[in-house]
**Student:** 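Submitted below is the structure of interest, expressed as structure tokens.
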Amino acid sequence: MNDFLDLDQTLDCGQAFRWTKVDGIWQGIASGQKLSVKQDNIEPIKENPFWSHYFDLDTDYLTIKNKLIRISPIMELAINFSPGIRILNQDPWEMVISFILSQYNNISRIKSMVNNLCQITNPTTLNFPTPNQLLALNPEKLNSLKFGFRDKYVLDGARKINEGRVDLEYIKTLSIEEAEKELEKIVGVGKKVAACILLFGFHRFDSFPVDIWIKRAMDKWFDGQTGEKVFGPYAGIAQQYLFNFIRNGLNT
DNA sequence: CACCAGGTGGAAC
DNA sequence: GTTCCACATGGT
């Protein structure tokens with residue numbers, strides 16, 4: 001088992017919604033920066049501090065994976081299915097909106113919603129909108145995005161973050177339980193969405209999002225125990241290997 | 001065409 | 001405190 005970055009596994013495992021693969025080239029935008037990169041040459045990532053951090057190249061996944069493998073044979077299967085997954089360092093605000101949109105939705109449509117949002121707010125740069133840009137969307141444009149019942153949730157998030165009623169910097173200083181409570185001040189952010197925001201936007205490896213797939217996995221293989229109890233401080237990373245394994249790894 | 005999706009808020013027990 | 005249900009829409 002070596003410690004590498006697999007772009008297919010990392011960018012297509014449900015943690016990021018703004019990457020597309022065209023002719024073998026992964027293209028994406030994060031924090032106003034653009035990247036085109038191929039698996040057989042990831043130098044552009046290694047030599048750029050922003051992208052190195054984004055792809056979490058400083059974290060020792062080898063050690064973490066070996067610890068998780070020792071916990072259970074299923075975890076070993078899950079890790080061996082997609083050993084090149086890494087948890088990205090994504091923008092917290094973008095994660096708030098993206099995972100509000102993720103609820104009761106499928107990944108393919110989440111991607112199109114998020115990309116349409118960027119297209120309609122920043123047609124030339126395709127950057128993710130700021131809270132103000134989101135709040136400035138007129139009703140016709142917002143309606144055209146077809147967020148459905150999530151409209152009011154997205155707006156509540158933008159409003160509370162814009163006004164500082166939910167402070168993303170402050171959240172960085174909080175315990176996992178306090179941080180979760182703070183994020184849940186936003187209407188439409190419950191336990192699961194908060195956990196995703198903390199794991200993918202705040203790099204909190206101790207956050208364990210439980211969606212329908214992870215619920216199935218924990219019931220099926222871990223006697224319904226909690227992820228925190230089974231996997232400890234790296235539960236969030238374990239969760240991502242398990243998520244990809246139970247969704248894509250069983251009938252192949 | 002049914003069935004389902006990286007859930008949540010709110011009403012009803 | 002727990003359980004039940006509506007929710008907008010489109011992918012498969």
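All chains are named by letter (A, B, ...) in the order of the sequence lines, taking the proteins before the strands, and each is independently numbered beginning at 1. Every heavy atom of this structure was used, including side-chain atoms; hydrogens, water molecules and symmetry mates were not.
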**Student:** Would you kindly give the CD1-to-P distance between I100(A) and dA5(B), to the nearest whole Å?
**Tutor:**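 It is 21 Å, rounded to the nearest whole Å.
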**Student:** In whole angstroms, how far is the P atom of dC7(C) from the CZ atom of F147(A)?
**Tutor:**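 That distance rounds to 20 Å.
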**Student:** May I have the distance from I214(A) (atom CD1) to dG7(B) (atom P), rounded to whole angstrom?
**Tutor:**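 So the CD1-P distance, I214(A) to dG7(B), works out to 11 Å.
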**Student:** How are the rings of F149(A) and Y104(A) set relative to one another: parallel (under 30°), tilted (30 to 60°) or perpendicular (over 60°)?
**Tutor:**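 Tilted: the ring planes of F149(A) and Y104(A) meet at 30° to 60°.
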**Student:** Can you check the K111(A) NZ to dG10(C) P distance for me, whole Å?
**Tutor:**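 Computing the K111(A):NZ to dG10(C):P distance gives 18 Å.
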**Student:** Strictly by Watson-Crick or wobble contacts shorter than 3.5 Å, is anything paired with dC1(B), and which nucleotide is it?
**Tutor:**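 With both distances under 3.5 Å required, dC1(B) matches none.
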**Student:** How many Å lie between CG on L101(A) and P on dA8(C), as a whole number?
**Tutor:**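 Rounding to the nearest Å, CG of L101(A) and P of dA8(C) are 14 Å apart.
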**Student:** At 4.0 Å (heavy atoms only), tell me whether F200(A) reaches a base, stays on the sugar-phosphate, or touches nothing.
**Tutor:**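 Contact class for F200(A): base.
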**Student:** Can you tell me, in whole Å, how much space there is between the P of dG9(B) and that of dG10(C)?
**Tutor:**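 23 Å, rounded to whole Å.
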**Student:** Find the distance I97(A):CD1 to dG7(B):P and express it as a whole number of Å.
**Tutor:**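 Answer to the nearest Å: 17 Å.
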**Student:** Mind calculating the distance between CD1 (I107(A)) and P (dC4(B)) to the nearest angstrom?
**Tutor:**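 In whole Å, dC4(B) P lies 17 Å from I107(A) CD1.
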**Student:** Passes salt bridge (Lys or Arg N to Asp or Glu O under 4.0 Å), K185(A) versus E182(A)? Steps please.
**Tutor:** CA-CA 6 Å; K185(A) 287 181 180 173; E182(A) 194 67 15; 3.0 Å; yes
**Student:** Taking only the side-chain heavy atoms of S108(A) (C-beta and beyond), determine which of dG10(C), dA8(C), dT12(C) contains the nearest atom.
**Tutor:**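 Of the options given, the side chain of S108(A) lies nearest dT12(C).
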**Student:** Could you check whether V189(A) gets within reach of a base, just the sugar-phosphate, or nothing at all, counting any heavy atom under 4.0 Å?
**Tutor:**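 Touches sugar-phosphate only.
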**Student:** Under 30°, 30 to 60°, or over 60°: which ring-plane class applies to W51(A) and Y54(A), parallel, tilted or perpendicular?
**Tutor:**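 Judged by the thresholds at 30° and 60°, the geometry between W51(A) and Y54(A) is perpendicular.
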**Student:** What do the steps show when you test V22(A) against Q27(A) for side chain to side chain contact (heavy atoms under 4.5 Å, CB included), and what is the final call?
**Tutor:** CA-CA 8 Å; V22(A) 181; Q27(A) 299 179 302; 3.8 Å; yes
**Student:** Please classify the nucleic acid contact of F243(A) as base, sugar-phosphate, or nothing, using heavy-atom distances under 4.0 Å.
**Tutor:**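 Base, at least one base atom sits under 4.0 Å.
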**Student:** Can Y104(A) be classed as stacking with the base of dT8(B), given a centroid separation cut-off of 5.5 Å and a plane angle cut-off of 30°?
**Tutor:**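 Not stacked by the 5.5 Å and 30° rule.
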**Student:** With heavy atoms under 4.0 Å as the rule, sort G14(A) into base, sugar-phosphate or nothing.
**Tutor:**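 Base contact.
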**Student:** Between K192(A) and dA5(B), is there a contact of a side-chain N or O with OP1 or OP2 at under 4.0 Å?
**Tutor:**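 Negative; the distance criterion is not met.
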**Student:** Of A194(A) and R109(A), whose closest DNA chain B nucleotide lies nearer the 5' terminus?
**Tutor:**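 That would be R109(A).
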**Student:** Kindly say whether, by distance alone, the side chain of R150(A) makes a donor-acceptor pair under 3.5 Å with the base of dA8(C)?
**Tutor:**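 Indeed there is one.
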**Student:** Work out how far the P atom of dT12(C) is from that of dG7(B), and round it to whole angstrom.
**Tutor:**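 Each nucleotide's P atom is 16 Å from the other's.
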**Student:** Indicate, with yes or no, if F205(A) and F99(A) share a hydrophobic cluster defined by side-chain heavy-atom contacts under 4.5 Å among Ile, Leu, Val, Met, Phe, Trp and Tyr.
**Tutor:**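 F99(A) and F205(A): one cluster.
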**Student:** Counting side-chain heavy atoms from C-beta on, which of dA5(B), dT9(C), dT8(B) comes nearest to N106(A)?
**Tutor:**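 For N106(A), the side-chain atoms sit closest to dA5(B).
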**Student:** Determine the contact category for I212(A): base if any of its heavy atoms lies under 4.0 Å from a base atom, sugar-phosphate if only primed atoms, P, OP1 or OP2 are that close, otherwise nothing.
**Tutor:**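 Sugar-phosphate contact only.
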**Student:** Taking any heavy-atom pair under 4.0 Å as a contact, classify Q240(A): base, sugar-phosphate, or nothing.
**Tutor:**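 Q240(A): base contact, heavy atoms under 4.0 Å.
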**Student:** Scan K152(A) against the nucleic acid and name what it touches under 4.0 Å (heavy atoms): base, sugar-phosphate only, or nothing.
**Tutor:**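 If one applies the 4.0 Å heavy-atom cut-off, K152(A) turns out to touch the sugar-phosphate alone, with no base involved.
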**Student:** Of the options dA8(C), dA5(B), dT8(B), whose atoms approach the side-chain atoms of Q103(A) most closely?
**Tutor:**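 So the side chain of Q103(A) is nearest to dT8(B).
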**Student:** In whole Å, what is the span from the CD1 atom of I110(A) to the C1' atom of dA5(B)?
**Tutor:**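 It works out to 8 Å between those atoms.
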**Student:** Is F149(A) stacked on the base of dA8(C), with ring centres under 5.5 Å apart and planes under 30° apart?
**Tutor:**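 So F149(A) does not count as stacking on the base.
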**Student:** How about Q119(A) and L126(A): do any of their side-chain heavy atoms sit closer than 4.5 Å?
**Tutor:**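 They are in side-chain contact.
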